[in-house]
Amino acid sequence: MRYFFFQMRYCLRVNNKPGGHRLLRSMAYFIPLFLLISCKNHHHPDKKIFRYNEFTGIASLDPAFAKNQSVMWPVHQLYNTLVEVDDSMRIKPSLAVAWEFSADKKELVFHLRTDVYFHDDPAFAGSKGKRLTASDVVYSFNRIIDPRTASPGAWIFNNRVDSIEPFAALNDSTFRLRLQKPFQPILGILSMQYCSVVAKEAVERYGTDFRKHPVGTGPFCFTAWEEGQALILKKNDHYFEQDSSGQPLPYLDGIHISFYDSRATEFLEFQQNRLDFINDIDASFKDEVLTRTGNLRKSWEGRIELHKNPYLNIEYLGILSDSTNPLLKNSPLRLKKLRQAISYAIDRKKMMLYLRNSIGTAAESGFVPAGLPSYDPAAVPGHVYDPARARQLLKEAGFDNGNMPEVKLLTIPNYANLATYICNELKQSGINVQSEVVQKSLLLEQTSKSQALFFRGSWIADYPDAENYLSVFYSKNPAPPNYTRFSNATYDGLYESALQETNDSLRYQLYRQMDRIIVEEVPVIPLWYDMVIHLVHTNVHGFHPNSLNMLELRRVKKD
């Protein structure tokens, strides 16, 4: 409220200056907004507003630039995609009610809902939202790959869709997508926020300002955005979805996003009930809230709820696999038995307990993490802690009397403690590894240029299909994603077969065969499969985490 009244005083001062009347009109627009949202909604206690903080800020509300979580979350509230994923990470309808592949698997036809309307906006005739049609989908997808848009999401269609006519509207409710060759994970890609459907009229009306004046079809509409202060969304009263009893969604009246850039401030706001939830737990107060086993401490029980769910992110150690690279030619890491020894020598469960407060799962399977439908640790057994086995493999590799040359493990400052732990673990088995901390930008450059021999890395899913993880080791892929330069003919053949397999069960079998090759050849050493952690107030209901950590608010209620 202090900020609001400061702005009002400023407006009154400048009202008699050139252009001052325009600023006053602008503030008149914000007055009802801040009276509705500020001061814990004291002016409108009946309004159900969901509040969260985005400490990194939000760069854009244009889905073509939804490259990180801070943008994806509000975009998901404002827009819809053809398909989306359910809690089990399986594809389900959204704007499309049905779809089918052609016999050659190179065409995909979607049948769209006919009751979806864009938000009311001056971009449309009479300021009333127009009905969404297949032409809007064509425009949205062409906009992603248009170089003039400069979307960081253009890669999702590169070398995948037809180069002549990738997208077409067969009629108002039928959209066709053509592929260069079969690619079954395309449905997962189409669920990404990059593929949100926008209106040409709005993009052309607002131009570069479209980033801060979004017009979508989603459950919430844009109201106001004061960068660095707050973003406000309100309920879309014309949203097309209903719950099982026929009640319109969403239940909430609005969303308030603050931009405190301090995690300590964010935690204080949550404690004082001015935020409804916190995503992840900062290291500075992790031990205050959680026990070593990852549960709420007794002092917090009954006050808040702890939500945990597998998160599609894996933390790992990467090892350069290009045998022609001089770095590997002269390194003991060229030996598979040594790489296996390193993997067996790490006590992942102890690492999770003491370094992570049990947030996550020790990675004792392959590279594909828990949370995906194809994940099956029984079918892909990995390396469990076995120091005797590690010493035996070290001996078989020719290093049984302390004669192993030193190897450097590169990491960034945030993971310095982890690297120290790993080096100490390896030392217990006679494996000579020392950590070296470098800046994140340098490590990214070194891994991209094959200048990092042994490094800590992570991989977060772009879309909910194991192919996104297994593409990391396809030899025809550059870095990124193939930072290790792994190359294996059998693996490549399985990968190419999986892309064409439309039967999920059979495709998952191919995925697991590939993952077993990664376990055997050890181009990476999985450390842990990550976990979504939310702290939520007890008056919030129907708020559930998911493996993509997407903020889902359509069915959330507040007391």
Side-chain angles (χ1 to χ4, degrees), residues 1-15 17 19-44 47-66 68-79 119-123 202-203 205-216 218-236 252-266 268-270 272-279 551 553:
M1 287 299 285
R2 289 196 302 272
Y3 170 77
F4 168 70
F5 287 116
F6 168 79
Q7 288 283 16
M8 285 299 297
R9 290 196 299 270
Y10 177 72
C11 285
L12 293 172
R13 288 200 302 271
V14 303
N15 190 35
K17 296 182 180 180
H21 62 288
R22 291 192 297 273
L23 181 56
L24 189 58
R25 284 203 306 269
S26 174
M27 285 309 301
Y29 167 71
F30 278 90
I31 289 173
L33 163 70
F34 277 85
L35 288 178
L36 171 66
I37 301 301
S38 298
C39 297
K40 297 180 67 177
N41 304 323
H42 289 162
H43 294 272
H44 293 270
K47 295 296 182 182
K48 305 301 182 182
I49 309 299
F50 187 88
R51 299 156 298 170
Y52 77 91
N53 184 62
E54 184 51 70
F55 75 96
T56 63
I58 295 175
S60 175
L61 295 174
D62 183 343
F65 296 88
N68 52 43
Q69 182 177 277
S70 64
V71 178
M72 291 177 188
W73 279 10
V75 163
H76 185 56
Q77 318 310 321
L78 292 161
Y79 295 91
H119 303 153
D120 291 347
D121 192 88
V203 174
R205 176 183 177 91
Y206 298 110
T208 56
D209 281 343
F210 185 65
R211 63 173 287 275
K212 59 182 180 180
H213 198 121
V215 182
F220 296 91
C221 308
F222 175 76
T223 297
W225 181 14
E226 185 68 16
E227 295 189 52
Q229 297 295 327
L231 169 63
I232 313 299
L233 309 180
K234 67 177 180 179
K235 177 179 181 176
N236 176 9
L252 294 167
D253 294 304
I255 302 170
H256 175 275
I257 306 169
S258 57
F259 299 112
Y260 302 111
D261 59 6
S262 163
R263 294 304 296 265
T265 302
E266 178 185 69
L268 180 62
E269 290 290 298
F270 176 74
Q272 296 179 351
N273 206 31
R274 290 197 284 263
L275 295 175
D276 290 305
F277 98 111
I278 288 181
N279 175 55
L551 186 67
L553 297 177

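Note: hydrogens, waters and symmetry copies are ignored here, and every other heavy atom, side chains too, is used.
- Taking the side chain as every heavy atom from C-beta outward, Arg211 and Leu61 never approach each other to under 4.5 Å.
- Heavy atoms only, all atoms of each residue included: Pro74 and Leu231 are closest at CB-CD2, 4.1 Å.
- Residues passing the ring-ring contact (aromatic ring centres under 6.0 Å, His included) test with Tyr52, sequence neighbours excluded: Trp73.
- In this structure, CG in Leu252 is found 11.0 Å from CG in Leu233, a value given to the nearest 0.5 Å.
- With hydrogens and angles ignored, the 3.5 Å screen pairs a side-chain donor or acceptor of Asn236 with a backbone N or O of Gly218.
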Audit row: Leu275, Glu266, side-chain contact (heavy atoms from CB on, under 4.5 Å) steps and yes/no = CA-CA 8 Å; Leu275 295 175; Glu266 178 185 69; 3.8 Å; yes
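- Asp276 pairs by the salt bridge (Lys or Arg N to Asp or Glu O under 4.0 Å) definition with Arg51, Lys558, not counting sequence neighbours.
- Asn68 meets the side chain to side chain contact (heavy atoms under 4.5 Å, CB included) test with Ser70, Val71; sequence neighbours excluded.
- The shortest non-hydrogen separation linking Tyr79 to Pro214 is OH-CB, 3.2 Å.
- Not counting sequence neighbours, Phe220 has no partner by the ring-ring contact (aromatic ring centres under 6.0 Å, His included) test.
- Contact record, His76 with Leu551: CD2-O, 3.2 Å, taken as the closest heavy-atom pair.
- Within the 4.5 Å cutoff, no side-chain heavy atoms of Gln69 are placed close to those of Thr56.
- Shown here are the salt bridge (Lys or Arg N to Asp or Glu O under 4.0 Å) partners of Glu269, two or more places apart in sequence or in another chain: Arg274.
- A donor-acceptor pair under 3.5 Å is formed between the side chain of Ser262 and the backbone N or O of Ala264.
- Taking NE2 of His213 as the reference point, atom OG1 of Thr208 lies at 13.0 Å (rounded to 0.5 Å).
- A 6.0 Å sphere centred on NZ of Lys234 holds no more than 12 heavy atoms belonging to other residues, nucleotides or ligands.
- For the residue pair Tyr206 and Asp121, a side-chain donor N or O sits within less than 3.5 Å of a side-chain acceptor on the partner.
- A search for ring-ring contact (aromatic ring centres under 6.0 Å, His included) contacts involving Phe210 returns nothing, not counting sequence neighbours.
- Closest non-hydrogen pair, His256 versus Ala230, comes out as NE2-CB, 3.7 Å.
- His119 has its side chain out of reach of Phe222: every pair of non-hydrogen atoms, C-beta onward, lies at least 4.5 Å apart.
- When each of Leu553, Ile257, Asp253 is paired with Phe50, the side-chain contact (heavy atoms from CB on, under 4.5 Å) condition holds for Leu553 and for no other.
- Residue Cys221 comes nearest to Leu78 through the heavy atom pair C-CD2, 3.8 Å, listed as atom of the first residue, atom of the second, then distance.
- A donor-acceptor contact shorter than 3.5 Å links the side chain of Asn53 to the backbone of Phe259.
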